[in-house]
Amino acid sequence: MYGLLVLVAIALIFFADWEQIGESFFNVEIMRDMFPEVVTIAARNTIVYTALAFALGMIWALALALMKLSSVRPYRWFAMGYIELFRGLPALITIILVGFGLPLAFGWRIPGGTLGKGAIGLGIVAAAYMAETIRAGIQAVPRGQMEAARSLGMSPGTAMTYIILPQAFRIIIPPLTNELVLLIKDTSLLFVLGSTPQSKELTKFARDVMAAKVNATPLTVVAVMYLIITLPLTYLVRRLERKAEAEKR
Amino acid sequence: MTAPPIEIRDLHKYFGELEVLRGISTTIRHGEVVCLLGPSGSGKSTLLRCVNRLEEPTSGSILIEGEDITSEDADVDGLRTRIGMVFQQFNLFPHLTVLRNLRIAQRKVLRRDTDEATKIAEEMLARVGLSDKIDEHPSRLSGGQQQRVAIARALCMNPDMMLFDEPTSALDPELIGEVLDVMRELAEAGMTMLVVTHEMGFALQVADRVIFMDEGVIVEEGPPREVLRNPQHQRTKKFLRAIEIE
């Protein structure tokens with residue numbers, strides 16, 4: 001069964017040009033040149049863009065989720081249209097729209113440079129995905145919880161804030177963390193917005209070094225940087241899911 | 001003369017095409033304990049849930065101490081603080097400790113400060129005999145204990161009346177007694193109570209009046225001994241026979 005696999009592996013080891021691979025992807029000198037900026041600027045920017053986009057997206061997503069569950073029809077229609085639109089479009093289109101489309105059309109810029117435009121663009125997209133997750137979480141809380149809260153005299157808003165949402169968020173921590181991981185990777189799209197040396201995130205940083213050195217090693221470095229950020233999160237999701245599964249029993 | 005705690009006038013309720021309440025009228029007097037009996041689907045739970053407007057009646061009115069809770073401009077949230085409600089499934093808030101379960105509505109609705117709310121919570125928890133569980137989460141309690149906490153939570157709002165929606169139906173048989181004991185003490189302390197139940201013993205011993213419902217109407221009502229021992233209507237007799245066989 002493993003015969004073919006072993007054969008292919010041996011063939012690769014013998015025929016691959018190891019020197020070329022080492023020189024193109026693991027050039028130690030270029031690696032050394034990338035530090036410390038790849039951490040202090042690029043990785044830092046990736047994290048800052050992600051955090052801000054996630055925070056904006058979360059607030060907006062909560063509003064959308066509540067609209068989608070509203071008894072007021074126009075709210076529901078708006079939320080539904082929004083979610084379908086921004087889930088259906090490539091994130092890149094939305095980012096270009098925010099970064100270039102709006103300034104072209106209305107002559108004003110979103111403040112904060114790449115950070116402002118990027119966080120808003122990504123936040124708009126992330127909100128569409130997270131809204132559906134939050135809605136599902138709210139609906140997963142048993143109906144009796146709302147009834148108990150209301151029968152104690154709580155207003156709908158008070159009941160939602162103190163009784164329903166805390167339980168809903170506990171349910172959706174794993175899928176929300178997944179969306180955070182997707183968002184980290186989507187910050188790589190922000191290269192289209194252009195950047196100053198101080199505002200580069202990991203992907204843009206790698207591309208610029210690649211162009212300057214005519215070598216692919218920067219890709220290896222930032223790939224490792226992405227994994228250092230995302231792997232702990234995916235590990236955390238798996239643990240949370242297993243824990244939730246255990247609690248159900 | 002003060003208005004009665006609950007006055008129900010010609011209440012009708014449709015679920016779609018189905019008329020589940022077909023003209024219910026009755027008055028619950030101050031301090032009275034009334035048990036609602038009847039086969040499942042007779043509308044008794046729906047009637048109870050209309051009283052604090054968890055269900056929206058189709059027509060008719062319900063006066064809570066003289067105020068119509070079914071009217072468009074009723075202060076429903078305010079009226080609900082006067083009506084304690086206990087559910088079949090307890091519905092404690094699982095993310096909060098027992099103390100916080102008992103405190104949250106006091107804090108957010110009645111605007112009591114934390115010290116006062118804590119004091120009242122401790123008092124009510126003692127009343128249901130669960131002072132030692134104050135820092136537990138609901139999931140760590142037995143069904144009977146959860147239901148007693150739910151009763152204490154309702155009492156923390158100092159309600160003028162209490163509604164019980166099959167409070168022992170979700171409990172293991174050996175846990176029913178402890179909940180009924182708490183309810184009996186509450187009745188003896190003079191609480192106005194409207195109870196949907198299948199516990200005939202409780203109705204017989206504690207209720208001042210039983211109301212037998214079937215197919216959305218009140219078939220007969222009166223003192224428990226008369227209705228349960230000597231039913232006048234065929235449908236009541238049939239229901240009581242079925243319960244006894246059980």
Side-chain angles (χ1 to χ4, degrees), chain A residues 58 62 65-66 69-73 75-76 130 133-177 236-237 239-249, chain B residues 45 48-56 64 69 75-96 100-112 117 137-139 146-147 149-159 161-165 170:
Chain A
M58 179 75 89
L62 182 58
L66 294 174
L69 293 170
S70 165
S71 53
V72 183
R73 258 192 216 146
Y75 284 164
R76 281 207 306 269
M130 290 197 283
T133 308
I134 295 173
R135 178 198 55 75
I138 291 171
Q139 287 185 319
V141 177
R143 248 182 60 143
Q145 291 291 309
M146 185 53 113
E147 291 186 347
R150 298 302 309 278
S151 71
L152 287 164
M154 289 188 204
S155 67
T158 305
M160 190 52 91
T161 309
Y162 295 102
I163 305 302
I164 306 301
L165 286 181
Q167 296 183 57
F169 273 96
R170 214 160 288 192
I171 296 169
I172 60 175
I173 283 173
L176 277 186
T177 314
L236 186 71
V237 172
R239 276 196 48 174
L240 289 172
E241 278 173 346
R242 225 174 289 153
K243 208 179 139 211
E245 203 53 43
E247 270 170 18
K248 244 186 250 166
R249 274 182 222 123
Chain B
S45 277
L48 193 80
R49 290 163 57 84
C50 283
V51 171
N52 69 351
R53 213 169 144 182
L54 282 182
E55 298 289 351
E56 207 66 52
I64 302 298
I69 194 170
D75 171 20
V76 178
D77 291 342
L79 285 171
R80 279 174 177 157
T81 62
R82 301 188 218 159
I83 312 171
M85 175 107 179
V86 174
F87 298 87
Q88 184 177 353
Q89 298 297 337
F90 329 134
N91 293 347
L92 292 179
F93 306 133
H95 61 302
L96 303 176
R100 284 168 180 274
N101 262 279
L102 267 57
R103 226 167 39 186
I104 186 138
Q106 295 189 64
R107 301 270 297 113
K108 302 301 171 192
V109 179
L110 300 180
R111 303 275 160 204
R112 288 178 182 151
H137 272 83
S139 59
Q146 288 190 49
Q147 194 60 298
V149 171
I151 293 171
R153 180 176 68 179
L155 290 175
C156 283
M157 306 299 281
N158 304 110
M161 66 203 81
M162 292 276 287
L163 309 177
F164 293 85
D165 189 4

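By convention in this document, chain letters (A, B, ...) are assigned in the order of the sequence lines, proteins followed by strands, and residues within each chain are numbered from 1.
Between the side chain of A:Q145 and the main chain of B:L92, a donor-acceptor pair closer than 3.5 Å is present. At least one donor-acceptor pair closer than 3.5 Å links the side chain of B:H95 to the backbone N or O of A:Y162.
At most 12 non-hydrogen atoms from other residues, nucleotides or ligands lie less than 6.0 angstrom from CZ of B:R100. A:R239 CZ: 12 or fewer foreign heavy atoms inside a 6.0 Å radius. Annotation: A:F169, atom CZ; neighbour count of heavy atoms from other residues, nucleotides and ligands within 6.0 Å is above 12.
Interface summary for chain A: among B:V76, B:L79, B:I104, the most heavy-atom pairs under 4.5 angstrom belong to B:I104. Comparing B:K108, B:M157, B:M85, B:R153 by how many heavy-atom pairs each has under 4.5 Å with chain A, the most go to B:K108.
Taking each heavy atom of A:P156 and B:D77 in turn, the nearest pair found is CD-OD2, 4.5 Å.
Within the model, atoms CG of A:L152 and CZ of B:R80 stand 10.0 Å from one another, a figure rounded to the nearest 0.5 Å.
Contact annotation for A:T158: only side-chain heavy atoms (C-beta onward) come within less than 4.5 Å of a heavy atom of chain B. Contact annotation for B:F93: both backbone and side-chain heavy atoms come within less than 4.5 Å of a heavy atom of chain A. In this structure, the portions of A:A149 lying under 4.5 Å from any heavy atom of chain B include both its backbone and its side chain.
The contact list for residues 48-56 of chain B toward chain A, using heavy atoms and a distance under 4.5 Å, reads B:R49, B:N52, B:L54 by residue number.
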